[in-house]
There are 2 protein chains.
Amino acid sequence: MTNHIRETYKDSAGLLRVISHPVRLAILEILEANNEMCVCHLEAILGYRQAYLSQHLMCLRENELVSDRREGRNVYYRMKEKGVIPIIKETKKCTSTKKIDFQAIDCNCPECESKISKQEKSDQHRGKKING
Amino acid sequence: MTNHIRETYKDSAGLLRVISHPVRLAILEILEANNEMCVCHLEAILGYRQAYLSQHLMCLRENELVSDRREGRNVYYRMKEKGVIPIIKETKKCTSTKKIDFQAIDCNCPECESKISKQEKSDQHRGKKING
DNA sequence: TTTTCATATTCGTTATTACGAATATAATAA
DNA sequence: TTATTATATTCGTAATAACGAATATGAAAA
């Protein structure tokens, strides 16, 4: 019986183990909210060193929870296993974790550049200051 | 931002960590299916050493996922945080883990004794053999 | 009041994971 | 080419978790 049970719950336990880390949870939630996101963007939002994030991304990638796509020098990540979304949702419900509004802070990837310049224009109209 | 996020997901990650173990998952599923269960029963079902199970029960208890109640020499455990049930359900969905029918095998706790003797009676009527 | 039974706890070792630092690679620009 | 930028990987150490073995505790039986 013993090994039978171990075998049965091995995969589930493994999946839970992979997502049982605050940084990986944050990455997954960001990807859920943003469809696709480049690494520099994740860096800007989360404020962790690139190499550190990359390690967590590797973990998520190797466990097939996310997929990556290179475009020039940038690499874009997206959710691959959408099944984790309800797991995380139920978990947050259970721990009454509030929602975070993930906003990028200072990202220069092509996509952000265009967004920022758009933002700059509209902010200039209202006399706002950017980047500092 | 960094510590903010870490803090936010700390509890969720912690909860997931606690349930990210095959034996603890199995215990939780048994408790879900059986309302209340004594340790000897868990031993019989799972086939692990008592001390080993007790360690996992301690982990679940300390993290307030289960509660315990002593009755004579037996200790009965039950689910305390029902919120983990949907988490586990979604996880199993995600890993396509099949359902296990948890059946006790050879347990002598008072409750089982009475069940077994009832069972023996009805089985004797049908000429079945028990325990061997 | 000693023994027995059910269960819990502690301790030590091994295995696994986290994470910083350094380095590698892939794409583009100079 | 060489430099630069974005990202990945590897490596070492520290922290944590798993688990076996031994032992402790609490309740009841003898």
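Proteins come first, then strands; the chains are lettered A, B, ... in the order of their sequence lines, and each starts at number 1.
- D/dA8 atom P lies 11 Å from atom CD1 of A/Ile27, rounded to whole Å.
- Rounded to whole Å, atom P of C/dA18 lies 13 Å from atom CD1 of A/Ile19.
- One can place CG of B/Leu16 at 15 Å from P of C/dT17, the figure rounded to the nearest angstrom.
- Residues A/Leu31 and A/Arg78 are not in side-chain contact: their nearest non-hydrogen atoms beyond the backbone lie 4.5 Å or more apart.
- No donor-acceptor distance shorter than 3.5 angstrom exists from the side chain of A/Arg61 to the backbone of A/Asn63, with no hydrogens or angles considered.
- Taking the side chain of B/Tyr77 as heavy atoms from C-beta on, and the options C/dA8, D/dT9, C/dT7, the nearest nucleotide is C/dA8.
- Taking only side-chain nitrogens and oxygens, B/Asn74 never comes nearer than 4.0 Å to OP1 or OP2 of D/dA27.
- Between the C1' atom of D/dT7 and the CG atom of A/Leu57 lies a distance of 10 Å, rounded to the nearest Å.
- Scanning for ring pair (Phe, Tyr, Trp, His ring centres under 6.0 Å) contacts around B/His56 gives B/His21, B/Tyr52, with sequence neighbours left out.
- Between the B/Thr95 side chain and the B/Thr91 main chain, a donor and an acceptor come within less than 3.5 Å of each other.
- If you take CZ of B/Arg69 and P of C/dA8, they are 13 Å apart, rounded to a whole angstrom.
- Atom C1' of nucleotide D/dA6 and atom CE of A/Met37 are separated by 16 Å, given to the nearest angstrom.
- Atom P of nucleotide D/dA6 and atom OH of A/Tyr76 are separated by 11 Å, given to the nearest angstrom.
- Using modelled atom types, no side-chain atom of B/Ser54 and backbone atom of B/Gln50 make a donor-acceptor pair closer than 3.5 Å.
- Judged purely by atom type and a 3.5 angstrom limit, A/Ser96 has no side-chain atom pairing as donor or acceptor with the backbone of A/Lys92.
- Although no hydrogens or angles enter the test, the distance criterion places no donor-acceptor pair under 3.5 Å between the side chain of B/Arg24 and the main chain of B/Ala26.
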What string of B, S and - do you get for nucleotides 16-23 of chain D, 5' to 3', if B is base contact, S is sugar-phosphate-only contact and - is no contact with any protein heavy atom under 4.0 Å?
--SBBBB-

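- B/Asn74 CG to B/His41 NE2: the interatomic distance, rounded to the nearest 0.5 Å, is 11.0 Å.
- Applying the 4.0 Å criterion to OP1 and OP2 of D/dT7, one finds that A/Tyr48 has every side-chain N and O outside that range.
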Could you write nucleotides 25-30 of chain C as a row of B, S and -, 5' to 3', where a protein heavy atom under 4.0 Å of any base atom gives B, of only sugar-phosphate atoms gives S, and otherwise -?
--BBS-

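- Under the 3.5 Å distance criterion, the side-chain polar atoms of B/Ser20 are matched with a main-chain donor or acceptor of B/Arg17.
- The separation between A/Leu25 atom CG and C/dA18 atom C1' is 15 Å, rounded to whole Å.
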